[in-house]
Amino acid sequence: MRVIIIGGGLAGLTAAYDLTRSGYETMVLEKDSVPGGMLASYNINGYSIEKYYHHLFESDGELRALIDELGLGDRLAWLRATTGYYTRGKVFSLDTPIQILKFPDLTFRDTLRLARFVMQSKRIEDPMPFDEVTARKWILESANHSIFDNFFVPLLKSKFGENMDRVSAAWLLSRINLRSNRGARGEKLGYICGGFENLINAVQRVVTDRGGVIRCNARVDRVTIEGGEVIGVEIEGSFIPSDAVISTIPPAMVLPKHGGVSKTSQHGSGTSIRYQGSVCLLIGLEERLMKDTYWLNIKPDAHFGAVIEHTNLLPPKNYGGDHLVYLTTYIHDASASLMTAREEEVAELYINTLGKLFPAFNKDRVLWWKLARDMCTAPIYETGYRKKILPYKAPIKNLYLAGIFSHPNYPERSMNGSIKAGLACARELVREVDERRTL
Ligand SMILES: Cc1cc2nc3c(=O)[nH]c(=O)nc-3n(C[C@H](O)[C@H](O)[C@H](O)COP(=O)(O)OP(=O)(O)OC[C@H]3O[C@@H](n4cnc5c(N)ncnc54)[C@H](O)[C@@H]3O)c2cc1C
């Protein structure tokens, strides 16, 4: 039985990891030159650093189990992560109750109200019933206008742009749950020392040791369907036969054109999940940018919504002394100039903007920069999203779907969610094949 997996990100690699363990002939086809997808890394000055900032949470059970299974447990560090808010020309740390009370954009009463709102939100164990309620409505009803305008609007805007008013309260509640588990000195986040590339490499090694194939620079152009069932895929005009295909790329790229899946199929609106993109500039600096803040949300309209100083999580000594800073924004329109402009133009714009926000920042201290851009980096978690989630088994025989659009990635996509989806999808395929064999 041969299974082809489209996409060598975490979902595809972990599906291959599981299938090769069950003895399936498995081939992963990845369009890029290396596997990893959104978790791919740059190799710079002898170290490895993710193209997009990554960390894990204590609650990421499947990811932690995989890290242990691959023998990487001793590289996993739990590090204190500090957060802040940039407003009124300054960085305000928001890690301790005192710092939060001092935050100038909220009155004392609003701060207490915000604390109550967070506690109330955290008590909600199942956010799913809030899938049809907008985050805006939930905040306005449970907190107030001032908290919404002064605290949440900049966060929602930087994450969802013009779609912010459509985002569901289910997303917000799960986000609050994830990010508010902080002790008196802030939150602890997990990171694999040496980079998440170690995780990708380790999964890749196990898959190939078990006889699986991971082919890079292999963009799948077409899923071939004959007589209502998938019989293989096409790459640059050549056909590769297979008994089943697992696709981990956005379903709209696989389903409507090739599979003829109607929008009114039994799987609900199916391919109507909308995505947003990311533009993320990583800069290497000779000196630190911020005193000790890891994650900084930017309140004023800038070209990026967050500044993430990675080396305030894992110190610069791990990177030959370089200080690493991500400047990042979400994008909602493929024709936006940040997506279409030349890389040099985006880098210049971002670096100049950083200079305006931080007058002490000296752009001559920028050692290097790298830009990552992609239009499908996260679903837009609008109200009603739950009904759009596709099951692992597509409505075409022998076709399976797993990725950031799958159930474990709602209400927030994550490495853990894609690992869970990849493993669950592979197990569903194995179960169905076993069932067919026994018929
Ligand atoms: C800016 C950013 C920050 C993030 N931060 C975190 C974080 O801190 N913590 C966390 O847990 N998660 C984080 N994530 C999310 C996490 O990276 C993803 O959820 C996870 O890596 C997705 O894995 P995937 O396999 O589902 O999708 P992808 O990684 O997108 O994999 C899909 C793969 O398919 C390939 N592909 C596409 N089309 C084709 C084709 N036609 N043929 C062949 N191959 C194709 C792509 O190149 C890609 O490699 C972040 C993501 C981004 C963008």
Side-chain angles (χ1 to χ4, degrees), residues 4-17 27-41 50-64 66-67 81 158-159 178-179 187 189-192 196 199-200 203-204 214-223 233-236 240 245-254 257-258 275-282 294-295 304-306 308 310 313 326-331 372-379 401-406 408-410 412-423 425:
I4 283 182
I5 297 172
I6 307 174
L10 272 179
L13 290 176
T14 49
Y17 181 78
M27 183 190 277
V28 177
L29 299 172
E30 166 54 50
K31 73 169 170 49
D32 289 343
S33 57
V34 288
M38 285 183 230
L39 190 58
S41 297
E50 295 72 35
K51 292 182 175 178
Y52 299 108
Y53 47 92
H54 274 82
H55 50 247
L56 63 132
F57 297 97
E58 283 182 354
S59 55
D60 288 342
E62 283 73 13
L63 173 53
R64 294 179 70 172
L66 183 66
I67 289 171
S158 83
K159 184 100 181 162
L178 202 60
R179 298 311 298 261
E187 180 181 31
L189 296 176
Y191 187 77
I192 297 184
F196 282 95
L199 175 69
I200 298 295
V203 185
Q204 190 178 4
I214 298 173
R215 252 180 82 181
C216 292
N217 298 310
R219 176 192 288 274
V220 173
D221 299 320
R222 199 175 138 81
V223 174
V233 300
E234 270 177 41
I235 296 184
E236 288 174 0
I240 309 179
V245 168
I246 295 180
S247 173
T248 69
I249 67 178
M253 292 184 183
V254 185
K257 230 163 68 190
H258 308 298
Y275 287 82
Q276 55 184 15
S278 295
V279 175
C280 187
L281 185 78
L282 174 60
Y294 166 58
W295 188 290
F304 41 84
I308 298 141
H310 176 80
L313 185 69
Y326 293 95
L327 310 174
T328 185
T329 190
Y330 285 98
I331 289 283
R373 301 188 272 197
D374 193 316
M375 262 324 284
C376 288
T377 53
L401 307 166
I404 52 171
F405 46 82
S406 298
N409 272 314
Y410 182 65
E412 179 67 316
R413 60 101 169 90
S414 65
M415 296 181 276
N416 195 63
S418 282
I419 289 170
K420 213 167 162 178
L423 295 175
C425 181

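Read the numbers this way: they start at 1 and go in the same order the structure lists the ligands and their atoms. Remember, it's a predicted structure, so these values are computed and weren't measured experimentally.
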task: Check whether any side-chain heavy atom of Phe304 sits under 4.5 Å from a side-chain heavy atom of Leu281, and report yes or no.
output: no
task: List the closest protein heavy-atom neighbour of atom 27 (O) of ligand 1: residue, atom name, distance to the nearest 0.1 Å.
output: Met38 CE, 4.2 Å
task: Have a look at ligand 1 and work out which part of Pro35, if any, has a heavy atom under 4.0 Å from it: side chain, backbone, both or neither.
output: neither
field: Proximal atoms of ligand 1 relative to Ala11 (non-hydrogen, under 4.0 Å)
entry: 24 (P), 25 (O), 26 (O)
- prompt: Which of the atoms in ligand 1, numbered in the order shown and given with their element, are less than 4.0 Å from a heavy-atom of Asp32?
  reply: 47 (O)
- prompt: Would you say Ala218 touches ligand 1, if touching means a heavy atom closer than 4.0 Å?
  reply: yes
query: Between CD of Glu236 and CZ of Arg219, what distance do you get to the nearest 0.5 Å?
result: 10.0 Å
message: Is there a polar contact between ligand 1 and His55, counting only N or O atoms under 3.5 Å apart?
response: yes
task: Report the member of His54, Lys31, Met253 with the shortest heavy-atom distance to atom 17 (O) of ligand 1.
output: His54
- prompt: Nearest protein heavy-atom contact for atom 34 (O) of ligand 1: which residue, which atom, what distance?
  reply: Gly7 CA, 3.2 Å
Asn409 side chain vs Ser406 backbone, donor-acceptor pair below 3.5 Å: no
- request: For atom 48 (C) of ligand 1, find the nearest protein heavy atom and state the residue, atom name and distance (0.1 Å precision).
  value: Glu30 OE1, 3.4 Å
- prompt: In terms of atom number and element, which parts of ligand 1 are under 4.0 angstrom from non-hydrogen atoms of Gly37?
  reply: 29 (O), 48 (C), 49 (O)
- prompt: ligand 1 and Ser418, any nitrogen or oxygen pair closer than 3.5 angstrom?
  reply: yes
Donor-acceptor under 3.5 Å (Gln276 side chain, Lys159 main chain): yes
- request: Any chance you could measure Glu30, atom CD, to Ile214, atom CD1, to the nearest 0.5 Å?
  value: 10.0 Å
task: Check each heavy atom of Asp60 against ligand 1 and say whether those closer than 4.0 Å belong to the side chain, the backbone, both or neither.
output: neither
Nearest-0.5 Å distance that lies between atom CG in Leu189 and atom CD in Glu58: 9.0 Å
Flag side-chain contact, heavy atom, 4.5 Å: Ile331 against Met375: yes
message: Looking only at protein heavy atoms, which one is nearest to atom 19 (O) of ligand 1, and what is the separation?
response: Ser414 O, 3.1 Å
task: Using a strict cut-off of 4.0 Å, indicate which atoms of ligand 1 neighbour a heavy atom of Ile404.
output: 19 (O), 22 (C), 26 (O)
task: Output the distance between atom SG (Cys425) and atom CG (Leu401), rounded to the nearest 0.5 Å.
output: 7.0 Å
- request: Taking Asp374 for its side chain and Cys376 for its backbone only, find out whether a donor-acceptor pair lies under 3.5 Å.
  value: yes
message: Using a 4.0 Å cut-off to any heavy atom of Thr377, which atoms of ligand 1 qualify?
response: 53 (C)
- line: Heavy-atom proximity to atom 5 (N) of ligand 1 ranks first, among Tyr53, Tyr52, Trp295, for Tyr53
message: Would the distance check show the side chain of Thr14 and the main-chain N or O of Ala11 forming a donor-acceptor pair, the cut-off being under 3.5 Å?
response: yes
message: Out of all atoms in ligand 1, which are within 4.0 Å of some heavy atom of Gly403? Include the element for each.
response: 26 (O)
- request: With rounding to the nearest 0.5 Å, note down the distance linking CG in Asp221 to CD1 in Ile6.
  value: 10.0 Å
message: What protein heavy atom lies closest to atom 11 (O) of ligand 1? Include the residue and the distance to one decimal.
response: Met415 N, 2.8 Å
- prompt: Which residue holds the protein heavy atom closest to atom 42 (N) of ligand 1, what is that atom called, and what is the gap in Å?
  reply: Val220 N, 2.9 Å
Proximal candidate to atom 38 (N) of ligand 1 [heavy atom criterion; set Ile249, Ile5, Val223]: Ile249
Main-chain N/O of Tyr52 paired to His54 side chain as donor or acceptor, under 3.5 Å: yes
field: contact_flag Ile6 ligand 1 heavy-atom lt 4.0 Å
entry: yes
task: Evaluate the ring-ring contact (aromatic ring centres under 6.0 Å, His included) criterion for residues Tyr191 and Phe196: first the C-alpha distance (whole Å), next the side-chain angles of each, then the deciding distance (0.1 Å), finally the verdict.
output: CA-CA 8 Å; Tyr191 187 77; Phe196 282 95; 5.3 Å; yes
message: Give me the residue, atom name and distance of the protein heavy atom closest to atom 15 (C) of ligand 1.
response: Arg413 CD, 3.5 Å
message: Nearest 0.5 angstrom please: Thr377 OG1 to Ile404 CD1, how far?
response: 7.0 Å
- request: Could you find the nearest protein heavy atom to atom 31 (O) of ligand 1 and give me its residue, atom name and distance?
  value: Gly9 CA, 3.5 Å
message: In this structure, does ligand 1 have an atom that sits under 4.0 Å from one of the heavy atoms of Leu10?
response: yes
